[in-house]
Student: 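Structure incoming, see below.
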2 protein chains.
Amino acid sequence: MGATKTDHFSDSQNELAILTKALGHPARIAIIEYLLKVESCICGDIVNELPLAQPTVSQHLKELKNAGLIKGNVEGAAICYCINETGFDKVKAFFKLVNSHLDDKRIQCC
Amino acid sequence: MGATKTDHFSDSQNELAILTKALGHPARIAIIEYLLKVESCICGDIVNELPLAQPTVSQHLKELKNAGLIKGNVEGAAICYCINETGFDKVKAFFKLVNSHLDDKRIQCC
DNA sequence: TTATTATATTGCAATATTACGATATAATTT
DNA sequence: AAATTATATCGTAATATTGCAATATAATAA
């Protein structure tokens with residue numbers, strides 16, 4: 001095997017896993033942090049910012065876009081990227097759930 | 001290639017990526033959700049809950065534990081698992097940063 | 001001591017990810 | 001139109017992940 005058994009989990013579990021998986025790489029964390037700082041930029045700016053080749057950055061941007069964490073807008077020959085709040089809202093909703101379970105009770109088995 | 005170039009990113013970026021990567025699988029999301037619900041349980045309970053074989057569940061638990069998202073406590077022949085708040089606090093800190101960047105300004109390039 | 005119970009580890013096949021050179025596409029400039 | 005600029009896609013090698021059967025380990029019970 002090697003393929004995730006997505007059909008055995010709920011839609012919301014699969015959707016959340018797609019979002020967190022997209023965040024599960026330091027290059028993509030760096031891209032998100034950079035986009036938060038500069039608000040919006042073109043792919044070339046990120047290539048200059050990261051220690052990765054242009055095709056690699058392009059691939060990471062594609063994954064973040066597919067997951068729904070960023071948006072890309074054609075602007076002449078370039079493409080302008082920015083944060084997609086919709087995706088982040090979904091992840092934040094999960095951590096709201098985590099908080100509501102942990103805030104009041106101090107759960108410790110060890 | 002195929003190996004992530006972790007040495008080219010900051011410690012905090014790598015650490016956060018380890019945490020989000022661990023959350024990037026529906027089975028591990030399901031385990032976290034279950035642990036939040038029952039507060040603590042043994043591995044066998046999760047095996048009964050998920051559509052995965054015991055070694056597979058054990059492996060997912062190991063990854064969550066290595067990332068710092070859960071704790072395991074030996075309790076006789078069994079091991080009692082529960083949420084590790086420290087790990088979640090680190091992820092929550094990142095989303096606090098995201099919020100602080102997005103809350104006031106409505107960033108949209110498209 | 002010999003089961004039994006609970007979990008971890010090993011080994012391996014199938015699949016996915018990461019990274020990048022080479023190349024394609026598409027808009028702009030000269 | 002030809003060159004330039006900006007990004008995406010293709011192809012591929014190296015590596016990582018997923019899943020599980022078989023087996024090992026470790027504590028408890030009979």
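Just so we're on the same page: letters track the sequence lines, and every chain starts at 1. Since the model is a prediction, treat every value here as computed from it, not as a measurement.
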Student: Report yes if a side-chain nitrogen or oxygen of Y81(A) is closer than 4.0 Å to either non-bridging phosphate oxygen (OP1 or OP2) of dA8(D); otherwise report no.
Tutor: yes

Student: Write down the distance between CD1 (I46(B)) and P (dT7(C)), rounded to a whole number of angstrom.
Tutor: 9 Å

Student: Counting only side-chain heavy atoms from C-beta out, which of dA19(C), dA16(D), dT18(C) sits nearest to E63(A)?
Tutor: dT18(C)

Student: Less than 4.5 Å apart, side chain to side chain, heavy atoms only: is that true for R28(B) and I32(B)?
Tutor: no

Student: Within a strict 4.5 Å, meaning less than it, do heavy atoms of the L102(B) and L36(A) side chains meet?
Tutor: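 Counting from C-beta outward, L102(B) and L36(A) do come under 4.5 Å.
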
Student: Testing the basics here: between A17(B) and T20(B), what is the closest heavy-atom pair and its distance to 0.1 Å?
Tutor: O-OG1, 3.2 Å

Student: Looking at dG19(D), I'd like to know if its phosphate oxygens (OP1 or OP2) sit under 4.0 Å from a side-chain N or O belonging to H60(B).
Tutor: yes

Student: When you match I42(B) and G24(A) each to their closest nucleotide on DNA chain C, which lands nearer the 5' end?
Tutor: I42(B)

Student: Once you round it to whole Å, what is the distance between C1' of dT18(D) and CZ of R28(B)?
Tutor: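 The distance from CZ of R28(B) to C1' of dT18(D) comes to 9 Å, rounded to the nearest Å.
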
Student: To the nearest 0.5 Å, tell me how far S58(A) OG sits from I46(A) CD1.
Tutor: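 The OG atom of S58(A) sits 10.0 Å away from the CD1 atom of I46(A).
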
Student: I need the NZ-C1' distance between K62(B) and dG19(D), as an integer number of Å.
Tutor: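 My rounded result for the distance is 15 Å.
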
Student: Quick one: I31(A) CD1 to dT18(C) P, roughly how many Å, whole number?
Tutor: 11 Å

Student: Taking the side chain from D45(A) and the backbone from I42(A), do they hold a donor-acceptor pair closer than 3.5 Å?
Tutor: yes

Student: Counting side-chain heavy atoms from C-beta on, which of dG19(D), dA8(C), dT9(D) comes nearest to S58(B)?
Tutor: dA8(C)

Student: So which heavy atom on F9(B) is nearest to which on P51(A), and how close?
Tutor: CE2-CD, 4.0 Å

Student: L50(A) has an atom CG; how far is it from atom C1' of dT7(D), in whole Å?
Tutor: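 Between C1' of dT7(D) and CG of L50(A): 15 Å.
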
Student: For K65(A), which contact category applies under a 4.0 Å heavy-atom criterion: base, sugar-phosphate, or nothing?
Tutor: nothing

Student: Is a side-chain donor or acceptor of N14(A) paired with a backbone partner of D11(A) at a separation under 3.5 angstrom?
Tutor: no

Student: Please tell me which of the listed nucleotides, dA16(D), dA8(C), dT7(D), lies nearest to the side chain of A3(B)?
Tutor: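 Nearest to the side chain of A3(B) among the choices is dA16(D).
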
Student: Return the polar atom pairs (N/O with N/O) between nucleotides 20-24 of chain D and the protein under 3.5 Å, or none.
Tutor:
{"residue": "dC20(D)", "atom": "OP1", "partner": "K5(A)", "partner atom": "NZ", "Å": "2.9"}
{"residue": "dC20(D)", "atom": "OP2", "partner": "A53(B)", "partner atom": "N", "Å": "3.0"}
{"residue": "dC20(D)", "atom": "OP2", "partner": "T56(B)", "partner atom": "OG1", "Å": "3.1"}

Student: For the pair made of NZ in K21(B) and C1' in dT18(D), what is the distance, rounded to whole Å?
Tutor: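 Whole-Å distance recorded here is 12 Å.
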
Student: Would I83(B) and H101(A) count as a side chain to side chain contact (heavy atoms under 4.5 Å, CB included) here? Give the steps.
Tutor: CA-CA 10 Å; I83(B) 297 289; H101(A) 277 270; over 6 Å; no

Student: Could I get a table of every N or O pair under 3.5 Å where one atom is in the protein and the other is in nucleotides 26-30 of chain D?
Tutor:
none

Student: Are D7(A) and K5(A) close enough, and set up right, to give a side chain to side chain contact (heavy atoms under 4.5 Å, CB included), and what steps lead you there?
Tutor: CA-CA 5 Å; D7(A) 49 316; K5(A) 297 172 91 180; 4.1 Å; yes

Student: Is there side-chain contact between F95(B) and V91(B), with heavy atoms separated by less than 4.5 Å?
Tutor: yes

Student: Measure from CG on N73(B) to C1' on dA6(C) and round the result to the nearest Å.
Tutor: 15 Å

Student: How close or far is atom C1' of dT17(C) from atom CG of L64(A), stated in whole angstroms?
Tutor: 14 Å

Student: If you check the T4(B) side chain, which of dT9(D), dT18(C), dA16(C) turns out closest?
Tutor: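 Of all the options, the side chain of T4(B) is nearest to dT18(C).
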
Student: Going from SG on C41(B) to CD1 on I79(B), what distance comes out if it is rounded to the nearest 0.5 angstrom?
Tutor: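 Answer for the SG-CD1 pair, C41(B) versus I79(B), is 12.0 Å.
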
Student: Nearest 0.5 Å, what's the CD1-CD distance between I31(A) and E63(A)?
Tutor: 9.5 Å

Student: Under 4.0 Å from any atom of DNA chain C, heavy atoms only: list the residues of residues 7-19 of chain A that qualify, in numerical order.
Tutor: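 Nothing qualifies; none.
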
